Visitor: 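Have a look at this one before I ask anything.
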Amino acid sequence: MKHVGPSAARFSDKMREECGIFGIHAHSDSAAHTTLGLHALQHRGQEAAGIVTYDGDHYHSHRSLGLVGDHFSSAVVIDRLKGHAAIGHVRYSTSGETLFRNIQPLFAEFAFGGLAIAHNGNLTNAISVRRRLVERGCLFQSTSDTEVIIHLIAISSYATVVDRMIDALRQIDGAYSLIALSNEALIGVRDRFGVRPLVLGRLEGALILASETCALDIIGAEFVRDVEPGEVVVIDSEGLRSMRPFPPAASKFCIFEYVYFARPDSQVEGSNVYDVRKRIGAQLARETGVAADIVVPVPDSGVPAAIGYATESGLPFELGIVRNHYVGRTFIEPSDRIRHLGVKLKHNSNAGTLRGKRVVLVDDSIVRGTTSEKIVNMVRDVGAAEVHMRIASPPTIESCFYGVDTPTRDDLLAARFDVDRMAVHIGVDSLAFLSPDGMYRALGRAGRDPKTPQYCDACFTGDYPIPLTDHKGGDDARQLSLLSDED
């Protein structure tokens, strides 16, 4: 398949999580609760949303481009989504135009009944498997790698839905958490490395699956536990069954969930994200302290780490940059002449706080460096005496192929320059990153074991724990679910 059209991340200065998922079983208000759950997960995908419900006889679906609140808040929509069980999905479109046919959950009718699937992650052999399925005669309706799973389920010789799904997943590589809704059950699966998150909750006897605990909080549900790596949970009228049909593997949870992706009020793998980010900031201060007057976060993702940095260093924490929360997506910029003004739609310097000060700017990461450069200029323009940037993660030197949209390696600033040249490029007096060992220590580990790292940290180290079957280098190897409509 030919890749055409640049990824959205090529023009973004943040890595973007592809999606968030939510499912609930045995609740009369399943659609309303799923809508609220997707609201809480909106940070994981802002391009499209979808919900599929089942009422015991029929499936009902509503999918829309745009934010959850723009299309699912109407009582008319919720009333139309009848049923005692539902699954939902928010999606971040990552290549070319946003396609309606790629909006999840995807739904298919099988001989055994209907099946809807919502998926967070990426299958690293999806292109290879898809080619094999097409040669066999399978007809694809989307460019999403999730549809590969549907076709593998369709051709499986096993009898039950769960066994067919397990059979399908045994044929794929990748990082994924997925939720499926069949006539009989709500099914949740997490890949055997546990790269992408999935949690189990309970509300008034109903069981819930979601990407993060913040989706449980919004509906007043109880957090029960994380779905374990390699676990399949089946929720039906008899309760919950747990299976572990895949070969065991050491957990490789995505470390960037702690750095940026997860909401700070979520519990991730037993840790509160906000507390972890403060510990990361404190470790950053211990490793990279510099003489300064104030610590300023790059809002909003840099705030917890900046609090930790300020507390550890004894420097005042100040809101030297103010974010406009009412902008939404930046408007389409019509010319290079005004494109540089786009950052001011979202951020503005607080001149009275910054003027004459030696400033430590704390951000969660540097990807392309474009936003960092503009923010540094903004701080200098109001008279900051010095600007020192501190990054609450190691340098991002590699692309992610496990469900996170990142630029190609050539567009990553840290892959092109060493730290000193990066500092010159973005215009700071000094630049320093958290070390990989420091990241692990902030997570309660003794340090990073290079032989058996406890997390997936491939974007920082190039140590990919899952085979990149379809990766041959260059843009033609991008993730299947990131392909544009013209592929």
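Here the structure is a predicted model, which means the values were calculated and not measured.
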Visitor: Could you check whether D457 and Y440, counting side-chain N and O atoms only, form a donor-acceptor pair closer than 3.5 Å?
Guide: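 Yes, side-chain donor-acceptor contact under 3.5 Å.
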Visitor: Can you list every pair that meets salt bridge (Lys or Arg N to Asp or Glu O under 4.0 Å) and has a residue in residues 235-256, with sequence neighbours left out?
Guide: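 For residues 235-256, and leaving out neighbouring residues, the salt bridge (Lys or Arg N to Asp or Glu O under 4.0 Å) pairs sorted by first residue read E228-R244, E231-R244, D236-R241.
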Visitor: Step through it carefully: locate the ring centre of Y176, locate the ring centre of Y402, and say whether they are under 6.0 Å apart.
Guide: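 Judged by ring-centre distance (under 6.0 Å), Y176 and Y402 do not meet the cut-off.
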Visitor: For D70, enumerate each residue passing the side-chain contact (heavy atoms from CB on, under 4.5 Å) test, keeping only those at least two apart in sequence or located in another chain.
Guide: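 Residues passing side-chain contact (heavy atoms from CB on, under 4.5 Å) with D70: L67.
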Visitor: Any side-chain to backbone donor/acceptor pair from Q42 onto V68? Under 3.5 Å, distance only.
Guide: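 Yes; judged by distance alone, with no hydrogens or angles, the pair exists.
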Visitor: Would you say R136 and I155 make side-chain contact, with heavy atoms under 4.5 Å?
Guide: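 Answer yes - side chains close enough.
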Visitor: Does a side-chain heavy-atom distance below 4.5 Å link I179 with L186?
Guide: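 Yes - at least one pair of side-chain heavy atoms lies under 4.5 Å apart.
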Visitor: In sequence, state the C-alpha distance, the side-chain angles, and the governing distance for S128 and D470, and then conclude on side chain to side chain donor-acceptor pair (under 3.5 Å).
Guide: CA-CA 7 Å; S128 304; D470 295 328; 2.5 Å; yes
Visitor: Flag the pair D191 and R196 as a salt bridge only when some basic side-chain nitrogen lies within less than 4.0 angstrom of an acidic carboxylate oxygen.
Guide: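 No, D191 and R196 are not salt-bridged.
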Visitor: Are the side chains of Q454 and R445 in contact, using a 4.5 Å heavy-atom criterion?
Guide: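 Side-chain contact under 4.5 Å: yes.
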Visitor: Is it true that the side chains of S266 and E212 contain a donor and an acceptor less than 3.5 Å apart?
Guide: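 A donor-acceptor contact under 3.5 Å links the two side chains.
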Visitor: Do you see a donor-acceptor pair shorter than 3.5 Å between the side chains of T143 and N102?
Guide: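 Result is yes, a qualifying pair exists.
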Visitor: Less than 3.5 Å apart, any donor N or O on the side chain of T146 or Q104 sitting next to an acceptor on the other?
Guide: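 Judged by distance alone, the side chains do pair up.
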Visitor: Show the nearest heavy-atom pair for residues E257 and P197, with the distance to one decimal.
Guide: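 Shortest heavy-atom contact: OE2-CD, 3.4 Å.
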Visitor: Let's go through T469 and N125 carefully: what are the C-alpha distance in whole Å and the side-chain angles of both, what is the deciding distance for side chain to side chain donor-acceptor pair (under 3.5 Å) to 0.1 Å, and is it a yes or a no?
Guide: CA-CA 5 Å; T469 307; N125 66 338; 5.1 Å; no
Visitor: Taking the side chain as every heavy atom from C-beta outward, state whether N122 and D145 have any atom pair closer than 4.5 Å.
Guide: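 Result yes, sub-4.5 Å side-chain heavy-atom pair found.
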Visitor: Cut-off 3.5 Å, side chains only: do H84 and D55 have a donor facing an acceptor?
Guide: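 There is no such pair between these side chains.
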Visitor: So does R225 have more than 12 non-hydrogen atoms from other groups sitting under 6.0 Å from CZ?
Guide: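 Count over threshold, so yes.
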Visitor: Is the backbone of G114 close enough, under 3.5 Å, to the side chain of N183 for a donor and an acceptor to pair up by distance?
Guide: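 Yes; at least one donor-acceptor contact below 3.5 Å.
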Visitor: Throw together a table of side-chain donor-acceptor distances under 3.5 angstrom for residues 30-38, partners on residues two or more places apart or in other chains.
Guide:
{"from": "S30", "atom 1": "OG", "to": "G83", "atom 2": "O", "distance (Å)": "2.8"}
{"from": "H33", "atom 1": "ND1", "to": "D29", "atom 2": "O", "distance (Å)": "2.8"}
{"from": "T34", "atom 1": "OG1", "to": "S30", "atom 2": "O", "distance (Å)": "2.7"}
{"from": "T35", "atom 1": "OG1", "to": "A31", "atom 2": "O", "distance (Å)": "2.9"}

Visitor: Is a donor from one side chain sitting under 3.5 angstrom from an acceptor on the other, for T124 and D173?
Guide: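 Checked: T124/D173 side chains show no N/O donor-acceptor pair below 3.5 Å.
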Visitor: I'd like to know if the side chain of R277 and the backbone of Y258 have a donor-acceptor N/O pair within less than 3.5 Å.
Guide: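 Answer holds: yes.
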Visitor: State whether E269 and R190 are salt-bridged, where the test is any N-O pair (Lys NZ or Arg NE/NH1/NH2 against Asp/Glu carboxylate O) under 4.0 Å.
Guide: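 A salt bridge is present here (some side-chain N lies under 4.0 Å from a carboxylate O).
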Visitor: Taking the basic N atoms (NZ, or NE/NH1/NH2) and the acidic carboxylate oxygens, is any pair closer than 4.0 Å for K451 and D463?
Guide: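 No, this pair does not count.
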